Amino acid sequence: MGSDARETEPPMNGEAFRACHHPPLAPLVVVSGPSGVGKTTVVDRLLAGSKLPLRRAVTATTRHRRANEENGRDYHFWGEGEFRRAIDDGRMLEWAVVFGRDFYGTPRSEVDPHRAEGRGVILVIDVQGAARVREVCPECLSVFVEPPSFEELEARLRGRQDMPEERVLRRLATACEEMARAGEFHHRIVNRDLIDAVCELEHVIRKRFNQ
Ligand code: ADP
Ligand code: 5GP
């Protein structure tokens, strides 16, 4: 008596309504860490050697293309005007000025349609971009890749031989700031032995997304 109202379902809030009418989005993984630590190497090995249903997003940058890079495969190489238009039009999931000079960012078109169609996406981006993605996609998994030592990071960065000394020094200075933010990530992986780092990344992804 007097409790009839309890027999009907409470009205759905917006979040519950969307969850009923849209299938869940496929996983989003964010891999970050200082330049030269081996993020790209670890992620490419993982994607080549595992059956995880993930694709690496091709992100956009205004920096110059290196001799071994291909437009559309390594990055979308955009002019600054093109990049600013994409930001203004709301076409970027995240973007940042990295190393104080170039724009880098993730076009939504590299992420949203794939996740909606059931293909997971992995982003290899800097710590500023990772923080933004955690804000706008709190369901993501974020992983910070650390070097075994600062000396080893320097050796790897120099070993690539793909940039002048002044840029190497800038990247090493930025690395210290980035390492100080490792605690913001869901997981930290030390890339000492490459195979171990790849296995660990695969393990945390499978565990988080039950795959
Ligand atoms: P990032 O994408 O983080 O800038 P890269 O993937 O380009 O770094 O790797 C930087 C350099 O370090 C490359 O020459 C790569 O072959 C090397 N490297 C990556 N992982 C390891 C590792 N575990 N041990 C030794 N060298 C590595
Ligand atoms: P590089 O110039 O060595 O290719 O990349 C420099 C840094 O920019 C790396 O830390 C790389 O992960 C990061 N980066 C690459 N793409 C993006 C992106 O789309 N967004 C952000 N925020 N960082 C990116």
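Quick caveat: nothing in here was measured; it's all calculated off a predicted structure. Both ligands and their constituent atoms are indexed starting at 1 by order of listing.
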Could you find the nearest protein heavy atom to atom 16 (N) of ligand 2 and give me its residue, atom name and distance? T59 OG1, 2.9 Å
Per atom 11 (C) of ligand 2, closest listed option by heavy atom (F99, Y75, F103): Y75
Out of A175, G105, G33, A96, the nearest non-hydrogen contact to atom 19 (O) of ligand 2 is supplied by G105
P34 heavy atoms, cut-off 4.0 Å: which ligand 1 atoms fall inside? 3 (O)
I want to know if ligand 1 touches T41 in the polar sense, i.e. an N/O pair below 3.5 angstrom. yes
Considering only heavy atoms, does R160 approach ligand 1 within less than 4.0 Å through its side chain, its backbone, both, or neither? side chain
So does H203 have more than 12 non-hydrogen atoms from other groups sitting under 6.0 Å from NE2? no
Atom 10 (O) of ligand 2 sits nearest the protein heavy atom K39 NZ, 3.7 Å
Is M92 close enough to touch ligand 2? Criterion: a residue heavy atom under 4.0 Å from a ligand atom. no
I need the nearest protein heavy-atom contact for atom 14 (N) of ligand 2: residue, atom name and distance, please. Y104 CD2, 3.7 Å
Those atoms of ligand 1 less than 4.0 Å from some heavy atom in S35: 4 (O)
Please write down residue, atom name and distance for the protein heavy atom closest to atom 18 (N) of ligand 1. R156 CD, 4.0 Å
Is there a path of hydrophobic side-chain contacts, each under 4.5 Å between heavy atoms of I/L/V/M/F/W/Y residues, joining V42 to L28? no
How does H64 reach ligand 2, by side chain, by backbone, by both or by neither, if only non-hydrogen atoms under 4.0 Å count? neither
Looking only at protein heavy atoms, which one is nearest to atom 20 (N) of ligand 2, and what is the separation? E94 OE2, 2.7 Å
Within a distance under 4.0 Å of any heavy atom of V124, pick out the atoms of ligand 2 and give their elements. 12 (O), 14 (N), 15 (C), 16 (N)
What is the closest protein heavy atom to atom 3 (O) of ligand 2, and at what distance does it sit? R171 NH1, 2.7 Å
Nearest neighbour of atom 19 (C) of ligand 1 from the list G38, G33, S32, on a heavy-atom basis: G38
For atom 2 (O) of ligand 1, grab the closest protein heavy atom and report residue, atom and distance to one decimal in Å. T40 OG1, 2.5 Å
CD on E70 to CZ on F77, rounded to 0.5 Å: 9.5 Å
Whether F83 and F103 hold their rings parallel, tilted or perpendicular, with breakpoints at 30° and 60°: tilted
Do V30 and L93 sit in one hydrophobic cluster, given that two such residues count as connected whenever their side-chain heavy atoms are within less than 4.5 Å of each other, even indirectly? yes
So how far is it from T40 OG1 to R160 CZ, rounded to the nearest 0.5 Å? 7.0 Å
Which residue and non-hydrogen atom of the protein lie closest to atom 23 (N) of ligand 1, and at what distance in Å? N191 OD1, 2.8 Å
Taking atom CZ of R45 as the centre, report whether more than 12 heavy atoms of other residues, nucleotides or ligands fall under 6.0 Å from it. no
Looking only at protein heavy atoms, what sits closest to atom 10 (C) of ligand 1 is G36 O, 3.5 Å
Using atom types as modelled and distance alone, determine if a side-chain donor or acceptor of R156 lies under 3.5 Å from a backbone N or O of V37. yes
d(T61 OG1, E69 CD) to nearest 0.5 Å is 9.0 Å
Counting from 1, what ligand 1 atoms have a heavy atom of R192 closer than 4.0 Å? 22 (C), 23 (N), 24 (N)
Do Y104 and W95 sit in the same hydrophobic cluster, where Ile, Leu, Val, Met, Phe, Trp and Tyr count as joined when their side-chain heavy atoms come under 4.5 Å apart? no
min-distance protein heavy atom vs atom 23 (N) of ligand 2 -> D126 N, 3.0 Å
May I ask you to check if ligand 1 and E152 share an N or O to N or O distance below 3.5 Å? no
Ligand 2 versus R63, non-hydrogen atoms closer than 4.0 Å: side chain, backbone, both, neither? side chain
About how many Å separate CD of E202 and CG of L47, when rounded to the nearest 0.5 Å? 10.0 Å
Same cluster or not: I195 versus I189, using hydrophobic residues (I, L, V, M, F, W, Y) connected whenever any side-chain heavy atoms lie under 4.5 Å apart? no
Has A197 got any heavy atom lying under 4.0 angstrom from an atom of ligand 1? no
Quick note on ligand 2: atoms under 4.0 Å from a heavy atom of G129 include exactly 22 (N)
Hey, could you give me the CG/OG1 distance between D126 and T174, rounded to the nearest 0.5 Å? 9.5 Å
Non-hydrogen side-chain atoms of R171 and P34 separated by less than 4.5 Å: no
Rounded at 0.5 Å granularity, tell me how far CZ in R84 sits from OG1 in T62. 9.0 Å
